[in-house]
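Source: prediction; values computed, not measured. The chains referred to below are lettered A, B, ... by the order of the sequence lines, with proteins before strands, and numbering in each begins at 1.
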Amino acid sequence: MRPLEQLNDLSSHQKSPIINRKFPMHPYRTRTCGELRATDISRSARLAGWVYRKRDHGQLLFIDLRDHYGLTQVVIQPDREFFNLSKRLHLESVITVTGAVVARSPETVNPNLATGEIELVAEAIQVLSPCGSLPFPVDAMEDGPEDLRLRYRYLDLRRERLHGNIVQRARVIAFIRERMLSLGFQEFQTPILTSSSPEGARDYLVPSRVHPGKFYALPQAPQQFKQLLMVAGFDRYFQIAPCFRDEDARADRSPGEFYQLDLEMAFATQDDVFVVVEDVLASVFRTFSRKPFNAPPFPRIPYAEAMLKYGTDKPDLRIPIEMRDLTALFKESGFNAFRSVIEQGGIVRAIPVGKIAAQPRSFFDKLTDYAKGLGAKGLAYLVWTDAGVKGPIVKFLTPAQLEAIAMQCEVHASDVVFFVCDRPREVNRITADLRVKLAQDLKLIDEGIFRFCWVTDFPMFERDEETGQIIFSHNPFSMPQGGMQALEEQDPLAIRAYQYDIICNGVELSSGAIRNHDPEIMYRAFALAGYDQQAVDERFGGLINAFRLGAPPHGGIAPGIDRILMLLANEANIREVIAFPMNQKAQDLMMGAPAGVTEKQLRELHLKLALPPKPEDRRLTTDTRRQPGE
RNA sequence: GGGGGAGUAGCGCAAUUGGCUAGAGCAUCGGCUUGUCACGCCGAAGGUUGCGGGUUCGAGCCCCGUCUCUCCCGCCA
């Protein structure tokens, strides 16, 4: 939630621009609605804006006139010929008002308004654009239904919160550009129409008219281009880059397209990248948020440690819960339910939670149900009470084992330790969720702070659960730690990459890596993942060739702009920081995208449709799109 | 592709176990109101309870199907 003073302070958006005030008077406005102060009293002024609110006192009418810059109260006296017309003005009509800036009497000054010391007494009013009936109120604090908001996005964007978020976005991006330039980076543009990259997310494809049967792809990220710019010797690249991925949406993942602060550095180590990102993020968060955050350098957590302590590679460090592995202890215990799972490769993860021994039985029962809902077989726990250790599994453990658990989990009086036992992958998924759920239910998360961290040393490879094959676990272009020697001598699953994520409050802001710029190491890495040299050349020939012609070691990262803005604006949904977002099903309800095309267009592109045998989807046809005033 | 939640007037919401002629607020329209600032007062209009089917003497409520929005899983190098 934003503080109350911001909700009413429309003047915070921007300083008023300079408007030509010379004779003859500007036809629309001489000043903005956020500008007039006591020092302007007895001047004349012309304002233009939207009718935000009206207060009709019969023989006196107040209009709150709103523009991008603020709100000014306009007074309309009953003897003016436009008095009755003004009374009938619909909210959100656009008008120009000319009049005198007048001091408010002391008792009528509005201290909540930047322009609250004055008001404009109207001498002339011109209606520039009348407003029909609104699909939802513009002055309401509550949001309307999301599909209506998206359909009438331009109305929603007039509303204080969203308007402020988009202004904030513009400011943050401008700030980032300045900061990057001052750090010696240069901004580049890279192609939007490019080729499909076979790894990664689904591509958005654009058919070629000139080359029948061939397609461009929109870039999922300018990954190869920025690396090629390094090969070209530009040294430090950045771009506020649009990225296109045809994957399903989440609350923090915009479908279709999103923006990254994409950056890449030549002759850079992992530490060099971290220093830059820490500088940029810290300066952005210091400038655009009042919340405190941990100062750089941000803690670095190896991937393996993050999975163990938090069950996830994007830990929310605001949560004061760190998990422990107790597999060895339970392997020797009399608790057969766990022991048999361990013998089949399972592990035991303990979740110690402080000072909750007094929670009622229902708390534990509900949590157990929740865990089962996640796919857990159950939820074991031990409670350290004044009268000793209690809990459903206490009878399976010896006093020495209980003591060992207390030691390893650093248990104090009234603490509780939960246990989950399953295959490693399941344990991570379930305990990561439980840790967050516990923190939410017990209100352990401090909403007033940001906690940044790096997660480093990601594994280079992993085993595909279905096929059993070795696959790249993240970016195939990352440099394996230990280089060629590691690839040749180590167990592939033990090789780590110079691959890192930056996390804030459990939100993954970005992935990055030091790149593999050596063709021989690249071929070797791909070979381990089952691609022969020919396959690599076919897919990444351009990049590999470049690396044969003098490539500097380089690395980079690409923090998500939209997610940074979500954190700064304290918004739970990414659509609230994007001017024209698509809905969850990747539709633009305002413009009606995606849309059908004509037969002629298809013919020119050498395309024929082979539609699935489903009833026609009528959601986006024009006849269901309502227009204002209906 | 799968799971959860929601859908009642233009908007945000209410309607005890299935008993209802579906309500009040904001907006709209009409009237009153000279100092409000979410102005106030009086009145009016506004509904196929998303849609279709079923159970029942009776359905906003229960059941089945379907549509829309949303959250999550899968997916996101």
Side-chain angles (χ1 to χ4, degrees), chain A residues 7-8 52-65 71-79 83 87-88 90-92 102 104-113 115-116 119 121 131-152 155 197-203 220-221 223-224 243-256 258 373-375 429 433 458 460 462 471-478 497 499 508 511-513 529 539-540 558 560 572-573 575 583-585 587 589 615 617-620 624 626 628-630:
Chain A
L7 289 171
N8 284 320
Y52 189 53
R53 291 195 185 101
K54 278 194 308 181
R55 290 175 296 281
D56 182 351
H57 290 254
Q59 295 304 300
L60 187 67
L61 176 66
F62 296 103
I63 290 176
D64 286 342
L65 196 65
L71 204 64
T72 301
Q73 175 163 281
V74 174
V75 185
I76 295 156
Q77 302 285 6
D79 55 348
F83 184 69
K87 279 188 155 195
R88 289 195 305 272
H90 281 193
L91 296 183
E92 293 304 311
V102 170
R104 296 201 195 188
S105 61
E107 70 276 12
T108 62
V109 164
N110 185 346
N112 300 319
L113 213 55
T115 60
E119 57 197 8
V121 177
C131 179
S133 66
L134 293 161
F136 54 83
V138 170
D139 69 331
M141 290 297 167
E142 303 86 19
D143 294 333
E146 184 118 32
D147 48 338
L148 268 193
R149 294 179 62 203
L150 291 171
R151 199 183 297 278
Y152 299 98
L155 281 185
S197 83
E199 300 290 332
R202 274 186 291 273
D203 288 309
Q220 296 180 21
Q223 181 65 38
Q224 294 190 55
C243 303
F244 304 90
R245 294 178 195 175
D246 184 5
E247 296 296 347
D248 289 332
R250 288 289 181 277
D252 64 351
R253 197 203 296 161
S254 178
F258 60 95
L374 295 172
R429 184 178 61 78
D433 195 310
F458 277 78
M460 185 82 193
E462 62 189 31
I471 56 172
F472 287 110
S473 58
H474 283 81
N475 188 333
F477 302 129
S478 299
Q499 166 94 35
E508 182 191 318
S511 275
R539 290 157 195 242
F540 309 110
N573 195 292
R575 290 184 293 274
N583 70 4
Q584 199 187 30
K585 291 192 178 145
Q587 299 166 306
L589 297 175
D617 189 346
R618 295 185 310 277
R619 274 169 298 161
L620 285 170
T624 61
R626 284 191 292 173
E630 271 182 3

Does [X] reach the side chain of [Y], with side-chain heavy atoms less than 4.5 Å apart?
| X | Y | result |
| --- | --- | --- |
| A:Phe472 | A:Glu462 | no |
| A:Val74 | A:Phe62 | no |
| A:Arg149 | A:Asp143 | yes |

Pairwise [atom1] distance, [M] and [N] [rounded to whole Å]:
| N | M | atom1 | result |
| --- | --- | --- | --- |
| B:C39 | B:C26 | P | 11 Å |
| B:G35 | B:G40 | C1' | 12 Å |
| B:G18 | B:C61 | P | 11 Å |
| B:A24 | B:G47 | P | 15 Å |

If you only use heavy atoms from C-beta on, which nucleotide in [options] is closest to the side chain of [X]?
| X | options | answer |
| --- | --- | --- |
| A:Glu247 | B:U70, B:C71, B:C75 | B:C75 |
| A:Arg250 | B:C37, B:C76, B:C75 | B:C75 |
| A:Asp64 | B:C11, B:C37, B:U36 | B:C37 |
| A:Gln59 | B:U34, B:C71, B:G12 | B:U34 |
| A:Gln73 | B:C11, B:C75, B:U36 | B:U36 |

Exercise for the section: Give the minimum heavy-atom separation between A:Phe83 and A:Leu60, together with the two atoms involved. Expected result: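 That would be CZ-N, 3.8 Å.
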Handout entry: Face-to-face contact A:His57 to B:C39 six-ring, under 5.5 Å, under 30°
Key =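 Check passed, A:His57 stacks on base of B:C39.
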Exercise for the section: Give A:Arg429 one of three labels, base, sugar-phosphate or nothing, depending on what nucleic acid heavy atoms sit under 4.0 Å from its own. Expected result: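 Result for A:Arg429 = nothing.
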Exercise for the section: Tell me what A:Gln223 touches on the nucleic acid: a base, only sugar-phosphate, or nothing, going by heavy atoms under 4.0 Å. Expected result: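 Here A:Gln223 touches the bases of the nucleic acid.
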Problem - Interatomic distance, A:Arg55 CZ vs B:G35 C1' [rounded to whole Å] - result: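 For the pair A:Arg55 CZ and B:G35 C1', the rounded distance is 10 Å.
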Problem - Contact nearer the 5' end of RNA chain B, comparing A:Asp56 with A:Pro78 - result: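 Looking at RNA chain B, the more 5' nearest nucleotide goes with A:Pro78.
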Exercise for the section: Map A:Phe62 and A:Asp147 onto RNA chain B by nearest heavy atom, then report which one ends up closer to the 5' terminus. Expected result: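 Between the two, 5'-proximity favours A:Phe62.
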